[in-house]
Amino acid sequence: MNTDNTLPYLVADSVAVNKMIGLADAYIVRFSESRKYVDSALAQISSAEKMASILGLEDLRYRVLSEKARIFIKSADFASARPLFTVITAYHRRKGIAAEAASWQKIGDDFELEFKTGFPLRRSCYQRAYELYKLTGNRQNIADAMGKVADADLAAGEYAKAEQEQLWVIKEYQALKYVKIYYGYYMLSETYYRSRKEEKHLKALVNCVNTFEDDRGGNPADGLLYYFNLAVAYHKYRNFEFAITMYKKGMAASMEIKSYDRYNWGVLGSIGCYIKLGKYSTALKLMQEASKYPKTLKMECFLVSRELSLYVTMKRWSDARKIVPKFISLFDRFRVIAATNANAYATEEFILNYYPLPVYYIQTKQWAELRVAQQVMRSFPEKELDDNARIYIHNVNLKIDSVGGDYLSALKEHEIITMLRDSAMSIENRNRISELEAKYNSETKDKRIQLLNSAASVQKEKLEKVNLQARFIIVITIIAALFAAVLFFAYQGKRRSNLALKAKQQKINDQNNVLSELLIQKENLLSDKNDLVESLEGLLSEKEWLLKEVHHRVKNNLQIVMSLLYNQSSYLKSEDAKKALFDVQNRIQAIAIIHHKLYSKNSVASVALPGYISELTNYLSSIYVKDIRTIRFVLNIEDVSLNISQAVPIGLILNEAITNSIKYAFSKNGGVIEIFAKRCNAQQLELSIKDNGKGLPANFQYDDDVSLGIGMMKALTQQLKGAFSIISRDGVVIKIHFKLDE
């Protein structure tokens, strides 16, 4: 009777406890806003704990304790949370090892990545789950748990350890034929990204997307994450067409799950690619479509940043000026969030997306407003930013120092920018060198094993021959002894035979000694040869690195000269003087590109002509084609390498020819510049630069022309000991024939 009367109260009290847990859970998501929400959550869960103890319902009590531990973890009170772990997992242990392991794993999942002090404790929870799963023998659970351990090492910056753990997980997934192996590839790509192994990062992302698309039951939320990450990687490597394809796939997945914020991320990336491809109308149309969907404050900031960048690129100054107040208002609010957020990503996002405003001020020469923007960017601790964000800050500093006439400070800023840009390449080179060294050591080890196996085989053959000879001698001796016993009268003959055999044996021994000495001499000669080869290889390697360093420094010095010329030009009043300095800058840049390619590639003796011409045309296009003209380049370059003595004249000739075509050949509608380079034979190369523009005047005689550009091209062609010609037919064609140096 008493039990029947008490049951309704127990049910009602259980509902009340669950309601308190729900309220505490609602407060947890607001911990970042104010400490009062932490106190409110603790108050609710303390009341729930008391009521659960009174009720005596064990399952309910341990649910309350789990929520209490979660509150301590989310508020970074790890000292209070740790004692609860043992109590909670001991309760689950009664249900089996797998249940205890799952409990440890769930505790690890509750940790926030914002609090680095909790990283060791988080890893220990995952490690405990992994050790327990190993006792169950379930390979799937074991691999999943190791993936969690790798994630903890990744968050703690233990990249080498995380990489090895993730490779093991992927290997297990492959053995299990686990369809969701892309989880492993994604975590591996994140590790390579943070450790700046860019080529491996891209390869892991491609594997991630491919395996995801093989899973017909894949979650679209996972897919949009993988697509966007691969799109960003392609974007970074300037493969804009592929990047747009991945952005579109991610946007389609976002709309499938109605994640408008993620959809807008895809819009941002796609617009950036369209800007790089010069498809401004497409970018504007996509921007207008994105305005239909709801957006967070951060996304509004990113979209207005991209819109301002687009207007600046198109030189639509009136449109840019209209959205500047909105830009400043949004970023003032976003700045508060970035400054109070412990995650460095928020600060870097702010800097990278705020940068179009200083660029607009620079382009429109609003120096006072630029100084205000500089103070905003410098309000964040620079040491916590990545290299890209720091480059943006120092670019603004450089411009302000240049405008203010503080050239020494401007030069220092330029050196900092150069150092930051080169550091990424240096880290990548060190990674590649380490990989090459590992590969070389592996191959050397294999060769040594092969040599040892060959030596062992030879020694074995020798021993077999010696044993065969010994058995043969024994047989002969037995036969001789039998004949001696039977035919005593032949004793003298046998004695003479033995003496003869001894004499032969002595000769054999003498010959063996001579052969041994020859073998020793051979080994010494081989050793000396190997030492000499290693010494020569070391000298060649040292020479190559020294040459790369020379080219690197020459390139940096040329960049400094260009920077000084650029700064000086801003103070010149004569337009002719400015144009002259601008042409000089382009000629210097043509030479700087050569030195950049020489020190950034394996070969320091020659420059690959296709890559050099492509980079030079991209540069000239970026600095000249900024109005409504559309100038397209068509390159048909054979795979030819030039040494530096020929690469510099060719670079200057190309610079002059392309610059003249861009500046004088076309109307406002633009046109096409075609560059061909082909071998006439094994030793002769023909280079032609053709445009379909206005052509030369009817009375033009280039042999009599005394302009600096044509005169320079003719002089440089003579330096190459080649032939120079200009043809004006359906545009202008400049042809150069010269002999390739060995």
Side-chain angles (χ1 to χ4, degrees), residues 536-537 539-541 543-544 546-548 550-551 554-555 558 586-620 633-661 672-692 696 701-703 705 708-742:
L536 290 174
E537 287 177 347
L539 290 173
L540 287 173
S541 178
K543 174 187 174 184
E544 183 177 353
L546 287 173
L547 284 174
K548 285 187 177 181
V550 168
H551 289 303
V554 170
K555 174 253 185 180
L558 290 174
N586 292 343
R587 291 163 185 155
I588 293 174
Q589 179 64 18
I591 300 174
I593 292 172
I594 293 172
H595 288 282
H596 172 73
K597 286 192 166 292
L598 286 172
Y599 83 79
S600 62
K601 302 297 181 183
N602 291 332
S603 173
V604 295
S606 62
V607 177
L609 193 58
Y612 172 62
I613 292 178
S614 177
E615 189 167 342
L616 181 61
T617 55
N618 287 340
Y619 167 73
L620 293 174
F633 286 88
V634 176
L635 306 181
N636 187 356
I637 315 298
E638 285 192 10
D639 190 7
V640 178
S641 294
L642 302 177
N643 61 34
I644 189 170
S645 64
Q646 291 189 317
V648 171
I650 287 298
L652 292 172
I653 290 171
L654 285 167
N655 178 71
E656 293 300 322
I658 296 170
T659 300
N660 287 338
S661 293
V672 178
I673 299 176
E674 301 177 46
I675 303 174
F676 297 88
K678 64 180 180 179
R679 291 179 183 268
C680 302
N681 51 50
Q683 295 181 332
Q684 292 287 332
L685 182 72
E686 178 183 337
L687 176 67
S688 67
I689 305 98
K690 179 181 183 301
D691 63 64
N692 62 349
L696 298 172
Q701 295 294 329
Y702 80 89
D703 287 331
D705 191 74
L708 176 60
I710 294 179
M712 180 183 295
M713 287 190 284
K714 290 167 64 178
L716 291 170
T717 304
Q718 291 175 359
Q719 181 180 333
L720 292 169
K721 298 179 181 179
F724 175 85
S725 63
I726 296 180
I727 302 171
S728 180
R729 184 173 62 249
D730 297 330
V732 174
V733 182
I734 296 175
K735 290 188 177 182
I736 297 133
H737 293 263
F738 64 96
K739 181 180 179 181
L740 292 171
D741 286 345
E742 291 295 328

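Worth knowing before you read on, the calculation uses all heavy atoms, side chains too, and leaves out hydrogens, waters and symmetry mates.
When all heavy atoms are compared, the tightest approach of C680 to E686 is SG-CB, 3.6 Å. Nearest heavy atom pair, residue P610 against residue D639, reads CG-CA, 4.0 Å. Residues L616 and G651 share a closest heavy-atom pair of CD2-O, 4.0 Å. In terms of heavy-atom proximity, A608 sits nearest to S641 at CA-OG, 4.1 Å. Residue L685 comes nearest to A677 through the heavy atom pair CD1-C, 4.4 Å, listed as atom of the first residue, atom of the second, then distance.
The number of heavy-atom neighbours closer than 6.0 Å to CG of N681, taken from other residues, nucleotides and ligands shown, is above 12.
Among residues two or more places apart in sequence or in another chain, the side-chain contact (heavy atoms from CB on, under 4.5 Å) test is passed with T617 by I613, F633, L635, I658, I675. For Q718, the side-chain contact (heavy atoms from CB on, under 4.5 Å) test picks out no residue, with sequence neighbours left out.
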Can you give each donor-acceptor pair under 3.5 Å made by side-chain atoms of residues 726-741, sequence neighbours left out, with the distance rounded to 0.1 Å?
residue: S728; atom: OG; partner: L696; partner atom: N; Å: 3.0

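Using a 4.5 Å heavy-atom cutoff, the side chains of M713 and I689 are not in contact. Between L720 and Q646, some side-chain heavy-atom pair lies under the 4.5 Å cut-off. No side-chain heavy atom of D691 sits under 4.5 Å from any side-chain heavy atom of N660.
Note: L654 CG to L687 CG = 5.0 Å, rounded to the nearest 0.5 Å. Taking CD of E656 as the reference point, atom CE of M712 lies at 5.0 Å (rounded to 0.5 Å). With values rounded to the nearest 0.5 angstrom, E674 atom CD is found 8.5 Å from S688 atom OG.
Here the side chain of N618 pairs a donor or acceptor atom with the backbone of S614 at under 3.5 angstrom.
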